[in-house]
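Accompanying notes for the structure given below.
Chain A is the first sequence line, chain B the second, and so forth, proteins listed ahead of strands; every chain is numbered from 1. Both backbone and side-chain heavy atoms feed into the values below; hydrogens, waters and symmetry mates do not. Everything quoted here is computed from the prediction, not taken from an experiment.
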Number of protein chains: 2
Amino acid sequence: MEDGTSEEPGSCAVTDDDPFQWDARQNCEVRQILDRIADKWSLLVIALLERRTMRFTELKKEIDGVSQRMLTVTLRQLERDGLVHRYVHATVPPRVDYSLTDLGCTLHDTIKPLVAWTETYQEQIISARAAYDRAVATG
Amino acid sequence: MEDGTSEEPGSCAVTDDDPFQWDARQNCEVRQILDRIADKWSLLVIALLERRTMRFTELKKEIDGVSQRMLTVTLRQLERDGLVHRYVHATVPPRVDYSLTDLGCTLHDTIKPLVAWTETYQEQIISARAAYDRAVATG
DNA sequence: CGGTATCCTGCACGATACTG
DNA sequence: CAGTATCGTGCAGGATACCG
């Protein structure tokens, strides 16, 4: 496995007088977890699994563009973090079902507003970009 | 500038009968925006600027670990997306102030619960990882 | 079917040097 | 001070091949 799994026990004690002290530290647990959430595929997997249990191949087909390798890696990370449950049926050919854990569900609920925000303001962002690009082009 | 600025007008029309149709598409605006949010430094910059206007050097000092280049790139992206405002004082030596736009503020408000979630469940995630690693080691 | 193991490549990013 | 421009490189991640 290539994944360095760099862990360094949380060097982030968070002096709690400031709720955003987290931002300045590296190897902060919060940052590690946000990185997972930030991951290109994780969100998609979580969103899909929130609806129903899915098999590996179903996920792969649904998340068009993901390589088999990256889907595997993503699912392993999510499983390791306790966000996704993996059930291997003892059949042949093998069948593996993935589903969200309770923790994964709470995360999904937390993410929903973020997706909603994005949908609400995407037009605004697009026009902001256009305006910026125009300004730059003009000089 | 190295940044490809790959734009492709939103090939994501989002058939709205399914709020999570967004997940399957690439070059979806939602995904592009999430990628920005997901960015390693963007969140930190937004969190810092939500508190007060800051100068370039202040940000650089505060976000320990960021290179000058990456801070510049990050700020430019955020400015282009209309999340951050950049004000250049006509003085010498130059002085540049960064602050959140209204849009940036709404984004920060939306992100807060996510950070809170992370802080709430980080212990649970850490122990989930430990359990997973133990299981793997055991075989 | 649901993975691993291996190789290879692009580009994200750091380091460094220069500038208005 | 607040950037740009240029070069070098590590590693994330795709492509491919093989396996229980």
Whole Å only: how far is the [atom1] atom of [X] from the [atom2] atom of [N]?
| X | N | atom1 | atom2 | result |
| --- | --- | --- | --- | --- |
| A:Leu59 | C:dC1 | CG | P | 14 Å |
| A:Leu71 | D:dA12 | CG | C1' | 16 Å |
| A:Leu75 | C:dT4 | CG | P | 10 Å |
| A:Lys60 | C:dT4 | NZ | P | 15 Å |
| A:Gln68 | C:dA5 | CD | P | 14 Å |

| field | Contacts of B:Ser99 that satisfy side-chain hydrogen bond (donor to acceptor under 3.5 Å, both in side chains) - sequence neighbours left out | value | none
| field | CG (A:Asp102) with more than 12 external heavy atoms under 6.0 Å | value | no
Candidate nucleotides [options], ranked by approach to the side chain of [X] - the nearest:
| X | options | value |
| --- | --- | --- |
| A:Arg69 | C:dT4, C:dG14, D:dA15 | D:dA15 |
| A:Met70 | D:dG13, D:dT4, C:dG14 | D:dG13 |
| B:Arg55 | C:dC1, D:dC1, D:dG3 | D:dC1 |

| request: Taking only Lys NZ, Arg NE, NH1 and NH2, and the carboxylate oxygens of Asp or Glu, determine whether B:Arg36 and B:Asp39 approach each other closer than 4.0 Å. | output: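 Looking at B:Asp39 together with B:Arg36, the answer is no, because their closest N to O distance does not fall below 4.0 Å.
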| request: State, with a plain yes or no, whether a side-chain heavy atom of A:Val96 is found less than 4.5 Å away from one of A:Arg55. | output: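 Not touching, per the 4.5 Å side-chain cut-off.
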| Contact check, side chains of B:Leu59 and B:Leu75, non-hydrogen atoms, under 4.5 Å |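 The answer is yes; the side chains approach within 4.5 Å.
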| query | Counting just side-chain N and O atoms, does B:Arg76 come under 4.0 Å of either OP1 or OP2 of D:dG3? | reply | yes
| Parallel, tilted or perpendicular: which fits the ring planes of B:His89 and B:Tyr87, with parallel below 30° and perpendicular above 60°? | perpendicular
| note | Numerically ordered, the residues 82-99 of chain B set in heavy-atom contact under 4.0 Å with DNA chain C is B:Pro94
